[in-house]
Amino acid sequence: MVDALFGVPRLAAVYDALDPDRGDLEHYAAMLGEFGVRRVLDVGCGTGELTCLLASLGVEVTGVDPAAASLEVARGKEFADRVTWIHGDATTLPPLQVELALMTGNVAQVFLTAEEWAATVRGVHAALEPGGRFVFETRIPARRAWEEWTREHTHQVRQIGDETVEVWTELVAVKLPYVTFRATYIFSSDGAVLTSDSTLWFRERDEVEQSLTAAGFAVDDVRGAPDRPGKEYVFVARKL
């Protein structure tokens, strides 16, 4: 199931405007030079911010996402014509041989069972050439990020085009390792109130490493996120 904020066209259309600070993407773009790659897969590409950034740098990019509404937004961006867009997920990819697979925005936490995650990792493994790298991020459970997912910490009002959008997040349930939260959106043009519920799986570092090893990866590095120090793990795994 696709969360409403990605799958409902009206919410997908305002997603980027409500989260404009994407400085994290520069760190992933820098990996093109770090690893010397020219063929990249963006898993869970969403509205295509990173995908189009990578395409602007002249590499061959494939973006895959299960949310058609988000892909529609992505296709309208600059450099989108240089991207191969796929409506689906890592388990339904056509034959690929990329050098780098990226999964940003904590996409790795949306898979809520070991089986779903294992299938996704296998799909990424199959899409990589031997020695190719899989890089993704997850929040560190001990930092308890959900404690700030309250209206007090998240409420904002933004002017987007001809209307004002008010949005906030609030917790629904904390049943570790799962956390469920709800985002509420109010549109000024017609007073529409839309909500989107999401659940994330907060896994420990050793659990994630074991899952990668089981799928045929070597974990070369586990970094901190430069833009969110101490809050996230960034895994760098290599296909054996």
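We count residues from 1, following the sequence as given.
Within the 4.5 Å cutoff, side-chain heavy atoms of F202 are placed close to those of L200. Within the 4.5 Å cutoff, the side chain of D227 has heavy atoms near those of the H27 side chain. Within the 4.5 Å cutoff, the side chain of L54 has no heavy atoms near those of the T51 side chain. Two residues are said to be in side-chain contact when any heavy atoms from C-beta on lie closer than 4.5 Å; T169 and R182 fail this criterion. At a threshold of 4.5 Å between non-hydrogen side-chain atoms, the residues Y28 and D42 do not count as touching. Side chains of I140 and Y233 form a contact here, defined as non-hydrogen atoms less than 4.5 Å apart. Two residues are said to be in side-chain contact when any heavy atoms from C-beta on lie closer than 4.5 Å; L25 and L53 meet this criterion. Within the 4.5 Å cutoff, side-chain heavy atoms of P130 are placed close to those of Q97.
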T104 vs V107, test: side chain to side chain contact (heavy atoms under 4.5 Å, CB included). Steps then yes/no. CA-CA 6 Å; T104 62; V107 168; 5.8 Å; no

Please determine whether side chain to side chain contact (heavy atoms under 4.5 Å, CB included) holds for the pair V43 and L102, giving the CA-CA distance in whole Å, both sets of side-chain angles, and the decisive distance to 0.1 Å. CA-CA 6 Å; V43 183; L102 297 172; over 6 Å; no

Side chain to side chain contact (heavy atoms under 4.5 Å, CB included) between M103 and V135, worked out: CA-CA 6 Å; M103 185 185 289; V135 179; over 6 Å; no

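The residue from R39, K239, R238 that alone fulfils the salt bridge (Lys or Arg N to Asp or Glu O under 4.0 Å) condition with E129 is R39.
Here V165 sits in one hydrophobic cluster together with V2, L5, F6, V8, L11, V14, Y15, L18, I160, V167, Y185, F187, L194; the rule is ILVMFWY side chains under 4.5 Å apart, joined directly or through other members. W168 forms part of a hydrophobic cluster together with I186, V193, judged by ILVMFWY side-chain heavy-atom separations under 4.5 Å.
Under the side chain to side chain contact (heavy atoms under 4.5 Å, CB included) criterion, R228 pairs with D24, N106, E137, A225, K231, E232, sequence neighbours left out. Scored by the side chain to side chain contact (heavy atoms under 4.5 Å, CB included) test, V174 finds W146, L171, L176, V179 as partners (sequence neighbours excluded).
Counting heavy-atom neighbours within 6.0 Å of D206 CG, excluding the residue itself, gives a total above 12. For CG of D190, the number of neighbouring non-hydrogen atoms (other residues, nucleotides, ligands) closer than 6.0 Å is greater than 12.
In summary, the side chains of E166 and H155 do present a donor paired with an acceptor at a separation below 3.5 Å, with no hydrogens or angles considered. D3 and S196 are not linked by any side-chain donor-acceptor pair at a separation below 3.5 angstrom, with hydrogens and angles left out of the test. Counting only N and O atoms by type, the side chains of S211 and W117 include a donor and acceptor under 3.5 Å apart. Side-chain N/O atoms of Q159 and T164 include a donor and acceptor closer than 3.5 Å.
A salt bridge links R223 to E34: at least one charged side-chain nitrogen sits closer than 4.0 Å to a carboxylate oxygen. At a threshold of 4.0 Å, the pair R158-D19 does not count as salt-bridged, since none of the basic side-chain nitrogens sits closer than that to a carboxylate oxygen. Using a cutoff of 4.0 Å between basic side-chain nitrogens and carboxylate oxygens, K77 and E72 are not scored as salt-bridged.
Evaluation of the side chain to side chain donor-acceptor pair (under 3.5 Å) test over residues 55-68, restricted to residues two or more places apart or in two chains, returns none.
Although no hydrogens or angles enter the test, the distance criterion places no donor-acceptor pair under 3.5 Å between the side chain of T92 and the main chain of G88. Remark: the backbone N or O of S70 is not paired with any side-chain donor or acceptor of R75 at under 3.5 angstrom. Not one N or O on the side chain of E99 forms a donor-acceptor pair closer than 3.5 Å with the backbone of G132. Between the side chain of E26 and the backbone N or O of G23, no donor-acceptor pair lies under 3.5 Å. For R38 (side chain) and G58 (main-chain N/O), a donor-acceptor pair under 3.5 Å exists by modelled atom type.
For the residue pair C52 and A74, the shortest heavy atom distance occurs at SG-O, 4.2 Å.
For H125 and F134, the ring centers sit 6.0 Å or farther from each other.
Between the CD atom in Q109 and the CZ atom in F136 there is a gap of 10.5 Å [rounded to 0.5 Å].
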Using atom types as modelled, flag every donor-acceptor pair under 3.5 Å from a side chain in residues 79-86 to any protein atom, sequence neighbours excluded.
from: W85; atom 1: NE1; to: A80; atom 2: O; distance (Å): 3.1

